[in-house]
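Okay, structure first, notes after.
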Amino acid sequence: MENEVIEFDIGLGGGQVGGGDEDGVDIEHPVDDEEIVDTPPGGGLGSGEIYIPEGDLDLEPYEGMEFESEEAAKAFYNSYARRVGFSTRVSSSRRSRRDGAIIQRSFVCAKEGFRNLNEKRTKDREIKRPRTITRVGCKASLSVKIQDSGKWVVSGFTKEHNHELVPPDKVHCLRSHRQISGPAKTLIDTLQAAGMGPRRIMSALIKEYGGISKVGFTEVDCRNYMRNNRQRSLEGDIQLLLDYLRQMHAENPSFVYAVQGDDDQSPSNVFWADPKSRMNYTYFGDTVTFDTTYRSNRYRLPFAPFTGVNHHGQPVLFGCAFLINESEASFIWLFKTWLMAMSGRPPVSITTDHDAVIGLAISQVFPETRHRFCKWHIFKKCQEKLSHVFLRHPTFEADFHKCVNLTDSTEEFESCWLSLVDKYDLRDHEWLQTIHSARRQWVPVYLRDAFFAEMSITQRSDSMNSYFDGYVNASTNLSQFFKLYEKALESRNEKEVKADYDTMNTSPVLRTPSPMEKQASELYTRKLFVRFQEELVGTLTFMASKADDDGETTTYQVAKFGEDHKAYYVKFNVLEMRATCSCQMFEFSGLLCRHVLAVFRVTNVLTLPSHYILKRWTRNAKSSVILEERASDVLNSYLESHTVRYNTLRHEAFKFADEGAKSIDTYNVAMSSLQEAAKKVALAAKTEGRFDMVNGHFRGQSTSDGSRAYYTSGEHQGSLGQNLSEDDMDRKIRELTEELNCANGKSSKDLYAANVKIKVEVFSRLAFQIKVEGAENTFNRVPGHWTWRRVFTQDWAKTPMATRISATTDFSFLDGDSKEF
C-alpha cells in the first residue's frame, strides 16, 4: 500500500522539528520544572563532545524492533531514557493524507533543537520571567512507523548525545519521568483530606518509598496535583454556593453578590456582601484587611474575606469572595466589584498578604489607598525561608523582631538591617533582599503616618485571619461552609452586643483626678478607654520640657527621667490646640500617645480637644450623633476655653518678656505697659458680668444648629421674668424643668438640653432673688454660655438648703461676704 504523507507537528512537548521551542506549548508546568538538575559547566550547552549511554544492550532500542502500539514504543523509549539519564518528548509525526491517521512518530531527547527567540508569541511583548535555555541541539532520537500488520517498527535510532547525562539519583527531576503513580495519588488524596500541605505530604512519601529518587516526582508535581484536585471538587460544589447566594438575595435585596464568568456554567470568582457588612463599612471602612490565608494549600477553600475593626477593637466583616482564578485580572474584578458594593468609597488603608499580583491589582483599583503587607505573614514566611538560620542562631529571631518593631526612624531601621544581615551573613539572601525592597509596605517605621486602627505599632491586627478562626479550618469543605459561615457571623454579632452592653451599663474605675480621664470614660468604648487610660497614666513617668519655640509652634522634648537619649518630640500649636508627636501614634491608631498627653499636662490642657476624639472609637460610632456638637457637659467647654485663653496669654507674655528684656529702654517701656495693662485688667475684673451690648442687643449663645441667639434688652428682661409674680415664677420653673427632663431623655444631649438647663437655673435664682431684699442682680458670661449672677450680702451659711440652688459646674460659690452662683 502506497501512502502519500506530509510532515505534521502535533505540538506535544512544545517542539518543532529541527529547532522548535520546547516551551512553545506550556502544559501547566512551572518555568524551571524541567531543568531542576544542575547542568555541569560546559556540559549543558553542546560542547561538541559525544556522550554514549552505557547499560544493558538488550534493553536498548534497535532498528527493526517491533511494538504493539505507538504508546508502547513511547513507553519503552522513555523507560530507556530513565535508565540512561535523559528526558524525552514527542517531536514530529506523519499522517496519512487518505484518512489522517498517524503513520510515523518521532521521539527525541528533550534537549533536541534550539530555542527560536524570534517566535511570534514573544516578539511583540515583554517577557516578564525569561526562561532558562535548555535546548542544545542534541540529535538523540527514536523514530517508529506503522506496518501493514498494524504493528509499529523502529525505523531510526540515534544513540549519541552532545551533553552530559543525568546520574540516577537526579533522574526523577526530569520532566518525562515525573509521574504520580496510582498508589501515590491515593496517599496524596488521603493526606490532603486530613489538611496536610504538599511539603508534609512529600515528606511522608519519601519515608514511604525510601527516598526522594524512588518517589518518582517532585514537590512541584505534588502541589500541582493537589491544586487540580481541589479545582475539580470545587467545580461541582460551586453550584451550592450560587444557590445559597441566590436564596439570600431573594430574601433580602440588600444582600448583593456577583459572579465573574458564566453564572450557570463555569464561574471563575464569586463575591458577596450581606446588608450588615455593607452598613459596617459606612462606620468602620477607613481601614480594611483582605485576608487570603484560606487560599493556601493548608485549607481546602479558596476563601478570602474583607474585614475591618469596629469601635470595640473587634474584627468586623465587609464582604467575602471565593477565588477560583487568581490572576491579576480576577483580583481587579474582585476589588472593583467590592468597591461598588461599598458605595464606591475606597478605604484609607488596606492590608493584604505579601503577593505581587494582589499588589498590582490594588495599585490600579485603589491608587490613593495606603497598601500594607501583613507583617505577621512575613514573619511566618521568614521562619520557613530562614529555618536553617533559626536553628543555627537562636538569637536571630529576637534580633529580627527588634530591627523591625523597635526602631524609631527609617535611618535607625536601615542601620539595624545592615548590621543584622552582616552579623548572620545574609547580605546575599534572595528572599531577604526581596522583602527589604518592599520595606515601605510592611516595616512599621515607614507606615506610622497612615491610619490602620491598631492600638500599638507592634501588635498584630486582630482582623487579620481571625474573623473566621474557630469556624473555618483545614478540614472545612464547601458543603460545610455555609453553616459555619452563619455561625461565625452570629457569634461576632453577639460579642459586639455584649461589648456595647458593658460600655453602656458599667462604669470604669478612674485612676486619676484628671477631667480628661473622666471625659474619655464617657466618650470612648470600654476597651478603647482602657487603652487611653494606659497612655494617660503613662504620662506620670514622662517629663516634658520646651526645646524650641518659633512663635507659632512650641516643640517639647518628652522623655522618662534620665533617658533623654530616648526622647520623643511633640510640636504644639497652642492657638489651634493641635499637637503632633514623633511617634505618630495618633496618625496610626487614632488615640493620643502619652507623649502628647504629657505636653497637655504641663500646658494645662485639661480636656481632649474634639478633633482628637475619633467618632469611630466612641460609643456613638454607629449613631447619627455628631461628636463635635455634644454640649451636655458644659464643664468641658469651660475648661477648654479657659485653657486656650491661659495658654494664649502665656505664649504672648513670653514673647513680650523676651523683647522687653533686650535693653534698658525696652525694659522700661515694657514695665510701663504692663502696669497700665494690669490696671485695665483689674478694672475689667471689677465690671465683669455686666451685659455686653452689640448694636442694642445682648450677645447670645450659639444654638444647636450653629446659629446665634440674640435678645433685645426689653425682650431679655421680659424673658427673665422680672415682671412676673412669685406664683408665675414657680409655674415657669416647673414648665422649664419638664422641658429639661424631656431634653435629657433624647438620644442626643445637645445644646438644646444645655440651654434649657441654664433657663431653669436662671429662673430659680430669680425666684430666690425676689425673697432677698437689697440684692444686686447681673449677668455673668461664663465662657461658652450665659449664666445668672446674683451678689448679695447676707450670710450664705444661714440660707436654707432648700432655698439654695445646688452648685453645678456652671456656677461657683466664693468664700466671703459676697457670693455668686
Side-chain angles (χ1 to χ4, degrees), residues 286-287 309-314 405-406 408 444-445 447-462 499 502-503 506-545 554-561 563-564 566-574 577-619 621 627 636 639-640 643:
D286 41 18
T287 183
V309 180
N310 69 8
H311 51 324
H312 300 292
Q314 300 169 335
N405 288 325
L406 302 182
D408 291 325
V445 73
L447 297 165
R448 290 174 177 171
D449 60 334
F451 181 74
F452 286 97
E454 291 182 15
M455 295 302 96
S456 169
I457 289 178
T458 58
Q459 79 167 45
R460 178 178 184 175
S461 172
D462 287 338
D502 290 342
T503 295
T506 62
S507 298
V509 177
L510 302 183
R511 300 168 62 184
T512 73
S514 167
M516 187 180 292
E517 184 182 17
K518 186 176 188 303
Q519 174 198 22
S521 71
E522 296 173 352
L523 293 174
Y524 288 131
T525 60
R526 186 65 65 247
K527 180 175 180 179
L528 269 293
F529 169 69
V530 170
R531 184 66 187 87
F532 173 81
Q533 190 179 53
E534 291 176 2
E535 293 299 313
L536 185 64
V537 174
T539 63
L540 300 177
T541 62
F542 281 82
M543 299 178 61
S545 56
T554 304
T555 302
Y556 291 86
Q557 177 179 297
V558 183
K560 291 184 178 181
F561 181 76
E563 297 184 5
D564 291 348
K566 295 181 181 179
Y568 296 87
Y569 291 91
V570 176
K571 294 183 177 181
F572 183 38
N573 186 318
V574 66
M577 291 294 286
R578 293 189 179 274
T580 58
C581 180
S582 58
C583 78
Q584 295 182 303
M585 178 176 162
F586 181 77
E587 291 81 356
F588 188 78
S589 67
L591 280 180
L592 281 177
C593 63
R594 59 192 61 190
H595 317 119
V596 169
L597 295 176
V599 172
F600 281 179
R601 188 186 73 237
V602 300
T603 55
N604 293 319
V605 178
L606 302 181
T607 59
L608 286 171
S610 59
H611 48 266
Y612 286 121
I613 305 172
L614 297 191
K615 184 181 177 183
R616 63 124 43 240
W617 289 135
T618 69
R619 57 182 66 194
L627 184 65
N636 293 341
L639 291 175
E640 286 184 22
T643 301

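Taking the side chain as every heavy atom from C-beta outward, P609 and F600 approach each other to under 4.5 Å. Using a 4.5 Å heavy-atom cutoff, the side chains of H595 and C583 are in contact. The shortest side-chain heavy-atom distance between E535 and L592 does not fall under the 4.5 Å cut-off. Between L597 and M516 the shortest side-chain heavy-atom distance falls below 4.5 Å.
Rounding to the nearest 0.5 Å places CZ of R619 at 11.5 Å from CG of L528. With rounding to the nearest 0.5 Å, the separation of CG in L591 from OH in Y612 is 13.0 Å. N310 CG to K527 NZ: the interatomic distance, rounded to the nearest 0.5 Å, is 9.0 Å. Here OH of Y568 is found 7.0 Å from OG of S582. Values are rounded to the nearest 0.5 Å. For the atom pair K560 NZ and K566 NZ, the distance stands at 8.0 Å (nearest 0.5 Å). With rounding to the nearest 0.5 angstrom, the CZ atom of F529 is 5.5 Å from the CG atom of L510.
The backbone N or O of L608 lies less than 3.5 Å from a partner atom in the side chain of Q519, making a donor-acceptor pair. Listed for the T503 side chain is no donor-acceptor partner under 3.5 Å among the backbone atoms of T525.
The aromatic rings of Y556 and F572 sit tilted, their planes meeting at an angle between 30° and 60°.
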Margin query: I'd like to know whether F451 forms a side chain to side chain contact (heavy atoms under 4.5 Å, CB included) with E587, so could you lay out the CA-CA distance, the side-chain angles of the two residues, the decisive distance to 0.1 Å, and finally the verdict.
Written below: CA-CA 6 Å; F451 181 74; E587 291 81 356; over 6 Å; no
Next item on the list: Test side chain to side chain contact (heavy atoms under 4.5 Å, CB included) on R511 and L536 and set out the steps.
Entry: CA-CA 9 Å; R511 300 168 62 184; L536 185 64; over 6 Å; no
Item checked: Derivation and outcome, side chain to side chain contact (heavy atoms under 4.5 Å, CB included), residues R616 and D286 -> CA-CA 9 Å; R616 63 124 43 240; D286 41 18; 2.8 Å; yes
Next item on the list: Start with the C-alpha gap between T618 and I613, add the side-chain angles, then the distance that decides, and say whether side chain to side chain contact (heavy atoms under 4.5 Å, CB included) holds.
Entry: CA-CA 8 Å; T618 69; I613 305 172; 3.8 Å; yes
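Not counting sequence neighbours, E517 has no partner by the salt bridge (charged side-chain N to carboxylate O under 4.0 Å, His left out) test. Remark: R526 pairs with no residue by the salt bridge (charged side-chain N to carboxylate O under 4.0 Å, His left out) rule, at least two apart or across chains. Partners of Y524 under the ring pair (Phe, Tyr, Trp, His ring centres under 6.0 Å) rule, at least two apart in sequence or in another chain, are F532.
In terms of heavy atoms, A598 sits closest to V558 at CB-CG1, 4.1 Å. The minimum heavy-atom distance between R448 and N405, with the atom names listed, is NH2-O, 4.4 Å.
Each of R594, E563, R601 was compared with F542 under the side chain to side chain contact (heavy atoms under 4.5 Å, CB included) criterion, and only R594 meets it.
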